[in-house]
Student: 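Have a look at this one before I ask anything.
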Amino acid sequence: MSKGITKRSEDYSAWYNELVKKADLAENSDVRGCMVIKPYGFAIWEKMQAEIDRMFKATGHSNAYFPLFIPKSYLSKEADHVEGFAKECAVVTHYRLKNAEDGSGVVVDPDAKLEEELIVRPTSETVIWSSYKKWIQSYRDLPILLNQWANVVRWEMRTRIFLRTTEFLWQEGHTAHATKEEAETETIQMMNVYAEFAENFMAVPVIKGVKSESERFAGADETYCIEALMQDGKALQAGTSHFLGQNFAKAFDVKFLNKENKEELVWGTSWGVSTRLMGALIMAHSDDHGLVLPPKLAPIQVVIVPIYKGDEQFEAVSAKANEIKQALEAVGVSVKYDNRDTYKPGFKFADWEMKGVPVRLALGARDLENGTVEMARRDVVDPNNRNAGKKVVNFDEVVAEVQATLEDMQQGIYKKALDFRTEKTTKVDTYEEFKQVLDEKGGFVLAHWDGTADTEDKIKNETKATIRCIPLDDDVEAGQCIYSGQPSARRVLFARAY
RNA sequence: CGGGGUGUGGCGCAGUCCGGUUAGCGUACCUGCUUUGGGAGCAGGGGGUCGCAGGUUCGAAUCCUGCCACCCCGACCA
C-alpha cells in the first residue's frame, strides 16, 4: 500500500475515491457503475443493517422478500411512477444464450425472446402492491408493515462508489393502512427512525423535512427526508419516507371492506435507506489520514499493536495483549490483536488509521515493565505531533479508559459534525447573497421561496442549488422570495447536493 | 447523449510527437540476512499477447483505419 491519500483541500473527490479503496471498503467492478463491496466495507454495512433492522422490528415491522424481476406491465400501472423510473430501468429480454457459430463465444439466442420483458426492480412498489391486492380484503387484514433488504438497479448516467451505483443495496419498507392518518403517522415515524439512526449511530446530524413537489418520489403524495451536510459543503439526501396516499392502491386496485361494510382504497407508505449511507458516513467524519468511524458502527473498535524485538518479547507482549483483549471483549468491546509479524508497528499504525479503527493500543516491552499501555484515539491524529491523542494508561484502568474514550468519541465526532453544519448554515435574504454564499462558503442556505416549481427550477438552473427540504422545525418566519419577491411563509433549505 | 481524457507486469506511470538493441521506472510481490515505540534497509528474484482487429514497413507500444472499454466534466438520480 502506497503512502497517504490526496488531501481533502486539494481534491475532495479524489480524496473520497482513494479513501474508499485504501481503507479496503470497496472497488469498482468490471461492469460500469457497479461496485464490489469488500469484507471490511461490508462489515460496516452489516453493523448499520443490524441496528436499522432492530429499529424496524421495534416499531412493529417484519421482513419479507419479493422478486428481483418485475413484469413490464406492472410498472406502467402508476403513471407518475413509470414517468420517474422508466428512463433508468434495466430490461431482461431473453432467457438463453448459445454458442456463436463463428466460435467467438456466446451470443443471445434470438429464439429465446421473452413474451413480456422483465424489468430489474428499480424499487418494489409495483410488485409489492400486486401482492397486497391478494392479501387485503378486510380492515382486519390491515395494517401490513413490511420491510425487505434487497438490491435494486437504476441505470444512472453517472455513478460514484456508494453514493450512486447502478446496483445498490438497500432496505425498502412498504406499508398498507386503513386510514390516511395512520399512513401519515407511519411515514413520519420512519423518517424519525432514520434521523435517530443517523444521529445516534452514524454521528451524522440531519435536517428533517419534506421535499418540494418537484423533488418528490415518483408516485408519492408527500416525501419526507433527512438531509445531511458533507465536509465539502454539499448536501446528501440520507433517507426518504414517502406517503403514497392511495396512488398505488388505485393503480393495483387494492381495496378493503371497512367496519361499515363499505369498500375503501388502502393507504400506503414506502421508505428506504441504501448503501449511500456508507458514503455519508465516510464523507461526514473522515480526514486526510483515512476513515474515521463512529465507535458504534466500527467493526473493530480497538486494535492492539504489539511492539517487540525477538520471539521472547513477542510472547510476553502477546500474553498481555490477549489478556487485555479478553477483558475488553468481556464488556462488549470488539478487539483485534494485530499479531502479524510481517509488518512493522509504524505500518500497522498507518494501516489501522486508514481503516478508521477508533482506539489503538500499543504494547511493548517498555509497557510490560511499567504496567502500562499507550492508547491513541483516531479522531485526533496529527503527523506533526505524534503525541496528540495519545495517553499512557495503567493496565488496571484500560477497560474503563477504553469504554470512556469510545463513548467520548461517539459524542465528539457528532458534535464536530454538528458544529460544522451550524457554521455552514447561512440565512440569506437576497439572491445576490444567496449566490455568493453558495460559491464562497457552500453548505446549507436558508432562504425564502415563493413555493412555485418555476422559481425552484430557475434557481436550480442558475446556481445548481436545489431545495433539499422544507424543514419541519418550528423556526418559521414569513418573508419574501429571494428570486421573485413574492410572499413566503417560511425559509426553506437550499444546497448544492450529491 | 454532448465535451474532454486514458488504455503499457497487481497498482501508479514513462516511452508514442520523430518506428530501430533484450519495453523501462516507482510501488507491490517472492527468497535471504539485518531490523521492529510512526509507513525498514541491503542483496537476489519472478511477473508484459503494450485495449482489440486490420493495414503500412525489412522492422510497430510508436504511423494509418476501424472498433471496444473505462475515467473526468455537464444534463438525470437514493
Side-chain angles (χ1 to χ4, degrees), chain A residues 1-5 11 13-14 17-18 21-22 27-34 83-89 104 122-123 151-172 194 211 214-215 217-218 223 225-228 235-242 270-280 289-290 305-311 313-314 317 340-354 360-368 370 372-374 376 381-390 392 460-461 464 466 497-498:
Chain A
M1 190 182 296
S2 61
K3 284 187 183 183
I5 49 177
D11 185 342
S13 186
N17 287 329
E18 288 171 26
K21 288 181 181 67
K22 294 210 169 157
E27 62 192 20
N28 284 308
S29 78
D30 289 338
V31 178
R32 190 200 76 97
C34 292
E83 168 81 19
F85 286 105
K87 298 187 295 289
E88 52 191 46
C89 285
S104 61
T123 179
N151 58 338
V152 289
V153 168
R154 295 183 189 174
W155 217 268
E156 302 287 357
M157 296 182 198
R158 284 201 61 202
T159 59
R160 241 178 131 204
I161 269 191
F162 289 126
L163 296 175
R164 186 174 303 104
T165 45
T166 301
E167 178 193 17
F168 57 95
L169 306 184
W170 77 346
Q171 61 65 218
E172 45 180 327
Y194 289 152
K211 287 291 186 188
S214 54
E215 296 276 332
F217 175 75
T223 288
C225 63
I226 56 172
E227 292 286 326
L236 184 75
Q237 178 175 305
T240 47
S241 183
H242 314 293
S270 68
W271 25 274
V273 293
S274 71
T275 33
R276 170 178 263 200
L277 289 181
M278 291 286 291
H289 313 290
V305 176
I307 295 156
Y308 56 92
K309 293 178 188 175
D311 290 347
Q313 279 191 10
F314 179 62
V317 167
R340 292 175 293 179
D341 63 353
T342 46
Y343 294 98
K344 292 183 45 170
F347 178 91
K348 293 178 182 177
F349 291 173
D351 194 34
W352 294 114
E353 269 163 18
M354 186 63 75
R360 180 184 70 235
L361 300 175
L363 186 66
R366 199 167 73 200
D367 294 298
L368 291 184
N370 300 338
T372 59
V373 58
E374 180 189 88
V381 171
D382 179 1
N384 298 317
N385 174 14
R386 282 298 181 198
N387 288 322
K390 287 185 187 172
V392 175
K460 182 181 175 181
N461 288 335
K464 292 180 193 158
T466 50
Y498 277 98

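Heavy atoms only: backbone and side chains are in, while hydrogens, waters and symmetry mates are out.
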Student: Could you write out RNA chain B as dot-bracket? Rules: Watson-Crick or G-U wobble, both distances under 3.5 Å, brackets [ ] for crossings, | for pairs with another strand, dot for unpaired.
Tutor: (((((((..((((......[...)))).((((((.....)))))).....(((((..]....))))))))))))....
Student: Looking for any heavy atom pair under 4.0 Å, which part of the strands does A/R360 touch: base, sugar-phosphate only, or nothing?
Tutor: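 Base, at least one base heavy atom under 4.0 Å.
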Student: Calculate the interatomic distance between A/H289 atom NE2 and B/rG38 atom C1'; express it in whole Å.
Tutor: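 In whole Å, B/rG38 C1' and A/H289 NE2 are 12 Å from each other.
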Student: Expressed as a whole number of Å, how far does the P atom of B/rG5 sit from that of B/rC64?
Tutor: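 After rounding to an integer number of Å, I get 15 Å for this pair.
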Student: Charged N to carboxylate O below 4.0 Å: is that the case for A/R366 and A/E374?
Tutor: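 A/E374 and A/R366: not salt-bridged.
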Student: Please tell me which of A/S214 and A/T159 maps to the more 5' nucleotide of RNA chain B, matching each residue to the nucleotide holding its nearest heavy atom.
Tutor: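 Residue closer to the 5' terminus by nearest nucleotide: A/T159.
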Student: Is A/G272 touching bases, backbone alone, or none of the nucleic acid, heavy atoms closer than 4.0 Å?
Tutor: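 Result for A/G272 = nothing.
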Student: Would you say the side-chain atoms of A/H242 and A/S270 include a donor-acceptor pair closer than 3.5 Å?
Tutor: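 No, no side-chain donor-acceptor pair sits under 3.5 Å.
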Student: What residue among A/T159, A/N151, A/T275 forms side-chain hydrogen bond (donor to acceptor under 3.5 Å, both in side chains) with A/E167?
Tutor: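 That would be A/N151; it is the only one of A/T159, A/N151, A/T275 passing the side-chain hydrogen bond (donor to acceptor under 3.5 Å, both in side chains) with A/E167.
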Student: Within the 4.0 Å heavy-atom criterion, would you say A/E353 contacts the bases, only the backbone, or no part of the nucleic acid?
Tutor: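 Base, at least one base heavy atom under 4.0 Å.
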Student: For A/G364 and for A/S13, find the nucleotide of RNA chain B with the closest heavy atom, then tell me which residue's nucleotide is more 5'.
Tutor: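 Nearer the 5' end of the strand: A/G364.
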Student: So A/A365, base contact, sugar-phosphate only, or nothing? Heavy-atom distance under 4.0 Å.
Tutor: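 A/A365: base contact, heavy atoms under 4.0 Å.
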Student: How many Å lie between CD on A/E18 and P on B/rC71, as a whole number?
Tutor: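 It is 16 Å, rounded to the nearest whole Å.
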Student: Measure distances between side-chain N and O atoms of A/K390 and base N and O atoms of B/rG38, and say whether any donor-acceptor pair falls under 3.5 Å.
Tutor: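 In this structure, the two groups form a donor-acceptor pair.
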Student: Parallel, tilted or perpendicular: which fits the ring planes of A/F168 and A/W170, with parallel below 30° and perpendicular above 60°?
Tutor: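 Ring orientation, 0 to 90° scale: perpendicular.
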Student: Send over the distance from A/N461 CG to B/rA75 C1', rounded to a whole Å.
Tutor: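 The answer, rounded to whole Å, is 10 Å.
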Student: Can you check whether any acceptor in the base of B/rG37 is under 3.5 Å from a donor in the side chain of A/R386, or vice versa?
Tutor: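 Donor-acceptor pair under 3.5 Å: no.
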Student: Say we look at B/rG24 and B/rC70: how far apart would their C1' atoms be, to the nearest angstrom?
Tutor: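 About 25 Å, rounded to a whole number of Å.
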Student: Whole angstroms only, please: what is the CG-P distance between A/D351 and B/rG38?
Tutor: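 Rounded to whole Å, this separation is 16 Å.
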Student: May I ask you to say what A/L236 touches in the nucleic acid, namely base, sugar-phosphate or nothing, with a heavy-atom cut-off under 4.0 Å?
Tutor: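 Since no nucleic acid heavy atom lies under 4.0 Å of A/L236, the category is nothing.
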Student: What nucleic acid atoms does A/F168 come within less than 4.0 Å of, heavy atoms only: base, sugar-phosphate, or nothing?
Tutor: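 Result for A/F168 = base.
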Student: Going by side chain to side chain contact (heavy atoms under 4.5 Å, CB included), A/L236 matches just one of A/L163, A/I226, A/L277. Which one?
Tutor: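 Testing each of A/L163, A/I226, A/L277 against A/L236, the sole residue satisfying side chain to side chain contact (heavy atoms under 4.5 Å, CB included) is A/L163.
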Student: Pick base, sugar-phosphate or nothing for A/T240, based on heavy-atom distances below 4.0 Å to the nucleic acid.
Tutor: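 Nothing, no nucleic acid heavy atom in range.
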Student: Nearest-Å distance, CZ (A/F349) to C1' (B/rG37)?
Tutor: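 Atom-to-atom, A/F349 to B/rG37, this comes out as 6 Å.
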Student: Rounded to the nearest Å, what distance is computed from the CD atom of residue A/E88 to the P atom of nucleotide B/rA75?
Tutor: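 Interatomic distance, CD of A/E88 to P of B/rA75: 16 Å.
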Student: Is any side-chain N or O of A/K344 closer than 4.0 Å to OP1 or OP2 of B/rG37?
Tutor: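 Affirmative; the distance criterion is met.
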Student: Whether A/D351 and A/R340 form a salt bridge (side-chain N of Lys/Arg under 4.0 Å from carboxylate O of Asp/Glu) is what I want to check.
Tutor: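 Salt bridge between A/R340 and A/D351, a charged N being under 4.0 Å from a carboxylate O: yes.
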Student: Rounded to the nearest angstrom, tell me the gap between atom NZ in A/K460 and atom P in B/rA75.
Tutor: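 Nearest whole value for this atom pair: 8 Å.
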Student: Any luck finding a side-chain donor-acceptor pair between A/S13 and A/R160 under 3.5 Å?
Tutor: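 Yes, a side-chain donor-acceptor pair sits under 3.5 Å.
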Student: Is the terminal nitrogen or CZ of A/R360 (NZ for Lys, CZ for Arg) located under 6.0 angstrom from the six-membered ring centre of A/F349 and within 45° of that ring's axis?
Tutor: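 Yes - A/R360 lies over the ring of A/F349, closer than 6.0 Å to its centre and within 45° of its axis.
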Student: Which nucleotide in the set B/rG37, B/rA78, B/rA75 lies at the smallest distance from any side-chain heavy atom of A/P345?
Tutor: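 Out of B/rG37, B/rA78, B/rA75, the nucleotide with an atom closest to A/P345's side chain is B/rG37.
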Student: How is A/K211 classified with respect to the nucleic acid when contacts are heavy atoms under 4.0 Å: base, sugar-phosphate, or nothing?
Tutor: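 Here A/K211 touches no strand at all.
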Student: Of all the choices, B/rC72, B/rG39, B/rA78, which nucleotide is nearest to the side chain of A/N17 once you look at every atom?
Tutor: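 Nearest to the side-chain atoms of A/N17, counting from C-beta on, is B/rC72.
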Student: Over all strands shown, is A/D367 touching base, sugar-phosphate only, or nothing at heavy-atom distances under 4.0 angstrom?
Tutor: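 If one applies the 4.0 Å heavy-atom cut-off, A/D367 turns out to touch a base.
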Student: When the P atoms of B/rC13 and B/rC30 are compared, how many Å lie between them, rounded to an integer?
Tutor: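 Straight-line distance between the two P atoms is 24 Å.
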Student: Quote, to the nearest angstrom, the P distance that separates B/rC52 from B/rG7.
Tutor: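 B/rC52 and B/rG7 have their P atoms separated by 13 Å.
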Student: Applying a 4.0 Å non-hydrogen cut-off, can you work out what A/T165 is touching in the nucleic acid: base, sugar-phosphate, or nothing?
Tutor: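 Base, at least one base heavy atom under 4.0 Å.
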Student: For B/rG39 and B/rU27, measure between their P atoms and round to the nearest Å.
Tutor: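 Approximately 16 Å lies between the P atom of B/rG39 and that of B/rU27.
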Student: With rounding to whole Å, what would you report as the distance between B/rG41 and B/rG4 at their C1' atoms?
Tutor: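 Taking atom C1' in both B/rG41 and B/rG4, they lie 44 Å apart.
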Student: Just checking A/N385: does its CG atom have more than 12 heavy atoms from other residues, nucleotides or ligands closer to it than 6.0 angstrom?
Tutor: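 Buried by this count: over 12 neighbours within 6.0 Å.
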Student: Between B/rC25 and B/rU6, how far apart are the two P atoms, rounded to whole Å?
Tutor: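 Those two atoms are separated by 24 Å.
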Student: What about A/F162 and A/Y498, are their ring centers closer than 6.0 Å?
Tutor: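 That pair fails the under 6.0 Å test.
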Student: Identify which nucleotide among B/rG39, B/rA78, B/rU36 has an atom closest to any side-chain atom of A/M354, counting heavy atoms from C-beta outward.
Tutor: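 Nearest listed nucleotide: B/rG39.
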Student: Tell me which nucleotide among B/rA78, B/rU36, B/rC76 gets nearest to the side chain of A/K87.
Tutor: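 Selected nucleotide: B/rC76.
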Student: To the nearest angstrom, how far is A/I307 atom CD1 from B/rU35 atom P?
Tutor: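 Going from A/I307 (CD1) to B/rU35 (P), I get 18 Å.
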Student: If we take the P atom in both B/rU36 and B/rG51, what is their distance in whole Å?
Tutor: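 Comparing P positions in B/rU36 and B/rG51 gives a spacing of 45 Å.
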Student: Applying a 4.0 Å non-hydrogen cut-off, can you work out what A/E156 is touching in the nucleic acid: base, sugar-phosphate, or nothing?
Tutor: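 Base, at least one base heavy atom under 4.0 Å.
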